Amino acid sequence: MNSIISFKELGLAENILKAIKDKGYLQPTEIQQKAIPEILKGNDIIALSQTGTGKTASFTLPVLNRISSEFKTRKGSTRVLILVPTRELAIQVGDSVKNYGKYLKIKTVTVLGGVNINPQMQDLAGGTDILIATPGRLLDLYDKNAVNLKSVEFLVLDEADKLLDLGFKDELYRIIDLLPQKRETSLFSATLNEEIRELTKKFLNNPIDIRVKEEETTANTITEIIHPVDKGLKNLLLLKLFNDYKWERVLVFVNSQNRAKRLLRFLQSKNYSSDTIHGGLTQFARTETLNKFKNGKTIFLVA
Ligand code: AMP
């Protein structure tokens, strides 16, 4: 992008600019420069972008701007629905929405599976401006008559490819069918495949195509390096890199829960404070583990 636009020039309201300033952001990222004006104008968008590019703010900021300037009473319903594939992402997006909206009078509720449903039902009583949800739990709440989706004005599908990869297609289609036809929809995906195209064709209205440059799909604070190595040497290589680069905290992604458990045993046998996180744990354990890693109590987190 040649000329850099400021958040203010994108047309965001003063009390949103203030929250952005508190976060310390100096200028919008590329996806934000492209998506924010379109959502402010009322266009549907399909945006190809990955985590780390600032995509959460690229839909949250303009949606907050719109709902706070176009004042309507909630009447027990939901105004904005943000669907996300994982519980962790729900918590993260919920925190972002609250943060960016802290100077607005906006009610935000986050619902996810794996935890008691009752407090979520109470939170939803009387409706909410913004609802962040994983699909399964949202349908559970709907089936219990705890959520009203009749006047949703904005739908955001975050990490739509992952929603489909995780097998949420039926849930997703069922949820979208419950929403008013007249609404605005933003779809974010890291990849574009046939299923995403089908989803777009079915549920989006003349969407604007937004792409960020390939090299900017990964945050520019990240360097990626490939180390070809024999299977049996992977653990030792990990420790060598850890020592050579004097890493302080390491997040290791592996392809199965078993591999995670084996690597954890190895790291613990070398006396490194380590944990694993995977779908077999309760949501409480997952959140605790993540917090320990964020607070620096764990050096290696195997996911
Ligand atoms: P996301 O891609 O939404 O997961 O965001 C990745 C990270 O970038 C988050 O930690 C955000 O707080 C941060 N971020 C988002 N927008 C900006 C910006 N304009 N300037 C600096 N950091 C940002």
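All ligand and atom numbering here is 1-based and tracks the order in the structure. Treat the numbers as computed from the prediction; the structure is a model and nothing was measured. Atoms considered below: every heavy atom in the structure, side chains included; atoms not considered: hydrogens, waters and symmetry mates.
- Each of the following atoms of ligand 1 lies closer than 4.0 Å to a heavy atom of K55: 1 (P), 2 (O), 3 (O).
- Heavy atoms of F7 found under 4.0 angstrom from ligand 1 belong exclusively to the side chain.
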Practice problem: Kindly indicate, with the supporting measurements, whether the criterion side chain to side chain donor-acceptor pair (under 3.5 Å) is fulfilled by D161 and T191. | Solution: CA-CA 6 Å; D161 48 349; T191 52; 2.7 Å; yes
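- Taking a cutoff of 4.0 Å between a charged side-chain nitrogen and a carboxylate oxygen, K201 and E198 do not qualify as a salt bridge.
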Exercise. Before giving the answer on side chain to side chain contact (heavy atoms under 4.5 Å, CB included), spell out for L290 and L301 the whole-Å C-alpha distance, their side-chain angles and the decisive distance to 0.1 Å.
Key: CA-CA 8 Å; L290 261 189; L301 180 58; 4.0 Å; yes
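- For atom 8 (O) of ligand 1, no protein heavy-atom neighbour is present inside the 4.0 Å cut-off.
- Taking atom 19 (N) of ligand 1 as the reference point, the nearest protein heavy-atom neighbour is Q27 O, 2.9 Å.
- Protein heavy atom at the shortest distance from atom 12 (O) of ligand 1 is Y25 OH, 2.5 Å.
- K55 forms no cation-pi arrangement with F59, by the criterion of a distance under 6.0 Å to the ring centre and an angle within 45° of the ring axis.
- Counting only heavy atoms, the protein gets under 4.0 Å from atom 15 (C) of ligand 1.
- Of the protein's non-hydrogen atoms, T56 OG1, 2.6 Å is the one closest to atom 3 (O) of ligand 1.
- Proximity of a side-chain donor or acceptor of T282 to a complementary backbone N or O of A285 within less than 3.5 Å is detected.
- Between E288 and K292, none of the side-chain N atoms (NZ, or NE/NH1/NH2) sits under 4.0 Å from a carboxylate O, so this pair counts as no salt bridge.
- Residue contacts with ligand 1: G54 is placed with a nitrogen or oxygen under 3.5 Å of a nitrogen or oxygen of the ligand (distance criterion only).
- Taking the charged nitrogens against the carboxylate oxygens, E153 and R66 have no contact shorter than 4.0 Å, which rules out a salt bridge.
- Atom 2 (O) of ligand 1 has its nearest heavy-atom neighbour, among S58, A57, G52, in G52.
- Contacts between Q32 and ligand 1 below 4.0 angstrom, taking non-hydrogen atoms only, involve the side chain exclusively.
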